[in-house]
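Read the structure below first, then the notes.
Every value quoted in this text rests on a predicted model; they were computed, and no experiment measured them. Just so it is clear: chains get the letters A, B, ... in the order the sequence lines come, proteins before strands, and each one is counted from 1.
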Amino acid sequence: GNSVTQMEGPVTLSEEAFLTINCTYTATGYPSLFWYVQYPGEGLQLLLKATKADDKGSNKGFEATYRKETTSFHLEKGSVQVSDSAVYFCALSAGAGGTSYGKLTFGQGTILTVHP
Amino acid sequence: GAVVSQHPSWVICKSGTSVKIECRSLDFQATTMFWYRQFPKQSLMLMATSNEGSKATYEQGVEKDKFLINHASLTLSTLTVTSAHPEDSSFYICSASGTGGGQFFGPGTRLTVL
C-alpha cells in the first residue's frame with residue numbers, strides 16, 4: 001500500500017535559518033505529492049503540490065521537488081520566520097490529475113518552532 | 001478560500017454514550033467529505049469517505065457500526081461515535097472537496113471519553 005515517511009521532529013530553528021524537512025514515499029503508480037501546514041488552532045492548509053516527476057511546487061518561500069528516482073519530496077525554505085512555526089505534513093494522493101480531492105495518505109507530521 | 005467548520009471543537013463524554021460531530025462547508029458545496037482520526041504525534045488516518053446522498057465507504061479496520069457517517073446535504077456531514085469508550089478518545093478531522101477541486105480541512109474535534 002501507499003505510505004509516507006517524514007523526518008522526526010520537533011525541529012527548532014532560529015529566525016532566518018535554512019529549513020529542510022525530509023519526506024519519502026512508497027506508492028504504486030504515479031502519485032501526486034503535497035505539503036500541508038497546520039497552524040495552531042486551525043485546520044490543515046495546502047502549502048504546495050507537485051503532480052509529476054521533476055515538478056517543483058512552491059509557495060510562500062517554501063519549495064519541494066518531486067524526485068521519482070529517490071521517491072522523495074523534501075520541503076525547503078531558505079530563511080524561516082517566526083510565523084512559519086506550525087506542523088507540516090507530507091502527503092500523497094494516488095488520484096489522477098494532480099487533484100487533492102482524492103484519498104490522501106499522510107506522513108506523521110513535523111513540528112517546526114522558529115525562535116526570534 | 002473555502003472554509004470548513006467543525007462542531008464541537010472539543011467534547012468530553014462518559015463511556016457508553018454517543019457523540020455526534022458536525023462538519024460543514026461554509027462557502028461551497030462539498031460533494032465529497034472525508035473523516036480522519038489523528039492520535040498524538042501520529043499521522044492522520046483516513047476513516048471513511050462520504051459522497052452526498054450515498055453510503056460512506058469505510059477504510060479497512062474501521063467499524064462502520066461504531067462510527068456512523070451521514071452526508072445528507074452538500075454542506076453537512078456528521079460523524080457519530082456510538083457507545084464511546086476511552087480508546088475512542090482522539091482528534092477527529094474532516095475535510096471536504098467540491099467540483100472545483102482541492103480538499104479543505106476543518107480545524108478538528110478533540111474527543112475525550114472518560
**Message:** Is it true that, when you exclude A/H115 itself, more than 12 heavy atoms of the residues, nucleotides or ligands shown sit nearer than 6.0 Å to its NE2?
**Reply:** yes
**Item:** Part of B/Q6 within contact of chain A (heavy atom distance under 4.5 Å)
**Value:** neither
**Single-linkage hydrophobic cluster, 4.5 Å side-chain cutoff, A/F73 and A/L92 together** = yes
**Asked** In terms of hydrophobic clustering (I, L, V, M, F, W, Y; side-chain heavy atoms under 4.5 Å; direct or indirect links), are B/Y58 and B/F34 co-clustered?
**Response** no
**Item:** Shared hydrophobic cluster for A/V114 and A/L47 (ILVMFWY, side-chain gaps under 4.5 Å)
**Value:** yes
**Request:** Would you name the heavy atoms of A/L104 and B/F105 that are closest together and state the gap between them?
**Result:** CD1-CZ, 3.9 Å
**Message:** Using 0.5 Å steps for rounding, measure from the CZ atom of A/F89 to the CD atom of B/Q38.
**Reply:** 4.5 Å
**Asked** When clusters are formed by joining ILVMFWY residues with side-chain heavy atoms under 4.5 Å apart, either directly or through shared neighbours, do B/V113 and B/V11 land in the same one?
**Response** yes
**Prompt:** Within a reach of under 6.0 Å around CD of A/E42, are more than 12 heavy atoms found that belong to other residues, nucleotides or ligands?
**Reply:** yes
**Asked** Closest approach of B/S43 and A/G107, non-hydrogen atoms and distance?
**Response** OG-O, 2.8 Å
**Asked** For A/M7, does the CE atom have more than 12 heavy-atom neighbours from other residues, nucleotides or ligands under 6.0 Å away?
**Response** yes
**Message:** Counting neighbours of NZ on A/K52 that are heavy atoms of other residues, nucleotides or ligands and sit closer than 6.0 Å, is the number greater than 12?
**Reply:** no
**Asked** Are A/V11 and A/V4 grouped together when hydrophobic residues (ILVMFWY) are joined by side-chain heavy atoms under 4.5 angstrom apart?
**Response** yes
**Request:** Examine whether an atom of B/L44 lies under 4.5 Å from a heavy atom of chain A, and if so say whether it belongs to the side chain, the backbone or both; otherwise answer neither.
**Result:** both
**Complete:** Ordered numerically, the heavy-atom neighbours of chain A under 4.5 Å found in residues 72-82 of chain B are none
**Request:** For A/Q38 and B/F91, work out which heavy atoms get closest and say how close.
**Result:** NE2-CE2, 4.3 Å
**Message:** At a 4.5 Å cut-off on heavy atoms, which part of B/F39 comes close to chain A: side chain, backbone, both, or neither?
**Reply:** neither
